[in-house]
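Reckoned from all heavy atoms, side chains included, excluding hydrogens, waters and symmetry mates. On a predicted model such as this, the values are computed, not experimentally measured, just so you know.
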Amino acid sequence: MKKFFLVLAFAFFAPAVSHAFPGADVDISVGYELPKPSGSITLKDPLGNQKTFDAVNDLNLGSGKDFIARIDINHSVPILPNIYVHHLPVEVSGDAAGGHAELKLEQNDVGLYYNLPFIKEATDDALGLKLGVNARIVNLSGETKGGALGETSANFSTVIPMAYLGVDIKPIHLVSVSAEIKTLPLGSSSLTEYAAELRVHPTHMFYLGAGYFNYAVKIDPSLATGAPPTNFTLAGPYFVLGLEL
């Protein structure tokens, strides 16, 4: 029910955003992603001892079903960057070895970017390239309870700066493809997310989108205080309904 009201709020919010930014292209979408976890994550027991679990073999974590929301404001004001906000939470759980495991990852991206000049003009709007920076606001929590898994947990919050590159391809009016990569290489640590999405436009404003994303997280504890050692991947399809105003 909560997710239904979020979708409804975005539906009413879209015209207001478009009105607040006259002359701007506003892209608003909501939908679901189905992330499948793999790799390992390290949690701590009440005594502070670390335990590393394999997401599939040890924790039996299944696929998530998470509500996502995105807004992108592309304006024509010189010098000022365009902006987007992406709400990308992940919640997965599993039962194994007589115990229960949960992993929650609240993620909100705020991005500033520029359209590379002359690309759209040279291709008659068939191709667009975007380059900018992304701030990923992360709140991670994980825990295991009971059975052979024992009592372990991890909590970590941070803001991660990332480089952003986006590509939009629209060969014909009814179909378009969007792809993006957000990445931060940090020596022995790295975070990289890429996504590609096919959109079908039955009307001028409305579109249906289906895509695939892959988010790979490799964290060395030296990256930040409290960061759990992690070599973890979330990947899967997603589906959205969108408006281009």
Side-chain angles (χ1 to χ4, degrees), residues 1-35 64-78 80-90 107-132 134 164-182 193-214 235-245:
M1 184 62 69
K2 178 181 177 183
K3 294 173 181 177
F4 170 77
F5 282 114
L6 284 171
V7 173
L8 196 61
F10 260 71
F12 283 106
F13 186 55
V17 171
S18 181
H19 181 74
F21 295 92
D25 295 325
V26 180
D27 184 337
I28 295 181
S29 62
V30 294
Y32 279 93
E33 64 181 12
L34 307 173
K65 186 180 180 182
D66 303 298
F67 171 81
I68 61 175
R70 307 174 303 189
I71 179 168
D72 187 315
I73 301 170
N74 192 329
H75 60 75
S76 57
V77 180
L80 293 180
N82 304 295
I83 185 170
Y84 65 75
V85 178
H86 295 169
H87 176 59
L88 305 167
V90 172
Q107 299 182 126
N108 292 287
D109 287 353
V110 179
L112 300 175
Y113 70 91
Y114 290 95
N115 296 302
L116 295 189
F118 312 121
I119 301 295
K120 283 190 174 183
E121 292 81 357
T123 61
D124 195 23
D125 289 336
L127 174 65
L129 298 178
K130 300 177 286 190
L131 186 63
N134 180 77
Y164 168 78
L165 174 64
V167 179
D168 295 318
I169 304 172
K170 196 168 187 178
I172 58 175
H173 176 67
L174 294 176
V175 177
S176 65
V177 176
S178 296
E180 64 181 20
I181 181 169
K182 303 168 184 175
E193 178 175 282
Y194 65 81
E197 176 182 324
L198 175 66
R199 295 180 177 183
V200 177
H201 303 254
T203 70
H204 177 68
M205 292 192 303
F206 178 70
Y207 67 85
L208 304 171
Y212 182 86
F213 83 101
N214 182 291
Y238 66 91
F239 307 91
V240 295
L241 304 176
L243 287 172
E244 293 180 344
L245 304 173

- Query: Roughly how far, to the nearest 0.5 Å, is CG of D72 from OG of S29?
  - Reply: 9.0 Å

- Could you tell me the separation between the CG atom of D25 and the CG atom of L245, rounded to the nearest 0.5 Å? 9.5 Å

- Would you please name every residue forming a side-chain contact (heavy atoms from CB on, under 4.5 Å) with P237, sequence neighbours left out? L34, F239

- Residues in side chain to side chain donor-acceptor pair (under 3.5 Å) contact with D168, at least two apart in sequence or another chain: K130, S178

- Would I83 and I71 count as a side chain to side chain contact (heavy atoms under 4.5 Å, CB included) if you check the C-alpha gap in whole Å, the side-chain angles of each, and the deciding distance to 0.1 Å? CA-CA 8 Å; I83 185 170; I71 179 168; over 6 Å; no

- Check: Y113/N134 side-chain N/O donor and acceptor closer than 3.5 Å: no

- Nearest heavy-atom contact between N74 and N115 is OD1-ND2, 3.1 Å

- Starting at CG of L131, measure out to OH of Y164 and round the result to the nearest 0.5 Å. 9.5 Å

- Note on the structure: Sorted by chain and residue number, the side-chain contact (heavy atoms from CB on, under 4.5 Å) partners of L80 (sequence neighbours excluded) come out as H75, V77

May I have the list of side-chain donor-acceptor pairs in residues 196-204 shorter than 3.5 Å, sequence neighbours left out?
{"unit_1": "E197", "atom_1": "OE1", "unit_2": "R70", "atom_2": "NH1", "d": "2.9"}
{"unit_1": "E197", "atom_1": "OE1", "unit_2": "R70", "atom_2": "NH2", "d": "3.1"}
{"unit_1": "E197", "atom_1": "OE1", "unit_2": "Y238", "atom_2": "OH", "d": "2.9"}
{"unit_1": "E197", "atom_1": "OE2", "unit_2": "R70", "atom_2": "NH2", "d": "3.4"}
{"unit_1": "E197", "atom_1": "OE2", "unit_2": "R199", "atom_2": "NE", "d": "2.8"}
{"unit_1": "R199", "atom_1": "NH1", "unit_2": "D27", "atom_2": "OD2", "d": "2.8"}
{"unit_1": "R199", "atom_1": "NH1", "unit_2": "E244", "atom_2": "OE2", "d": "3.2"}
{"unit_1": "R199", "atom_1": "NH2", "unit_2": "D27", "atom_2": "OD2", "d": "3.4"}
{"unit_1": "R199", "atom_1": "NH2", "unit_2": "Y207", "atom_2": "OH", "d": "3.4"}
{"unit_1": "H201", "atom_1": "NE2", "unit_2": "S176", "atom_2": "OG", "d": "2.8"}
{"unit_1": "T203", "atom_1": "OG1", "unit_2": "F206", "atom_2": "N", "d": "3.0"}

- Of the non-hydrogen atoms in L127 and T123, which two are nearest, and what is the gap between them? N-OG1, 3.1 Å

- Scanning both residues in full, the closest heavy-atom pair of E33 with V90 reads OE2-CG2, 3.5 Å

- Message: If the condition is side chain to side chain donor-acceptor pair (under 3.5 Å), which residues does N214 pass it with, not counting sequence neighbours?
- Response: none

- Query: Looking at D66 and P35, what are the two nearest heavy atoms and their distance?
  - Reply: OD2-CG, 3.4 Å

- Item | Between CD1 on residue I28 and CG on residue L241, distance to nearest 0.5 Å | 13.0 Å

- Query: Can you tell me how far the OH atom of Y194 sits from the OH atom of Y212, to the nearest 0.5 Å?
  - Reply: 6.0 Å

- For V175 and K170, which heavy atoms make the closest approach, and how far apart are they? O-CG, 3.6 Å

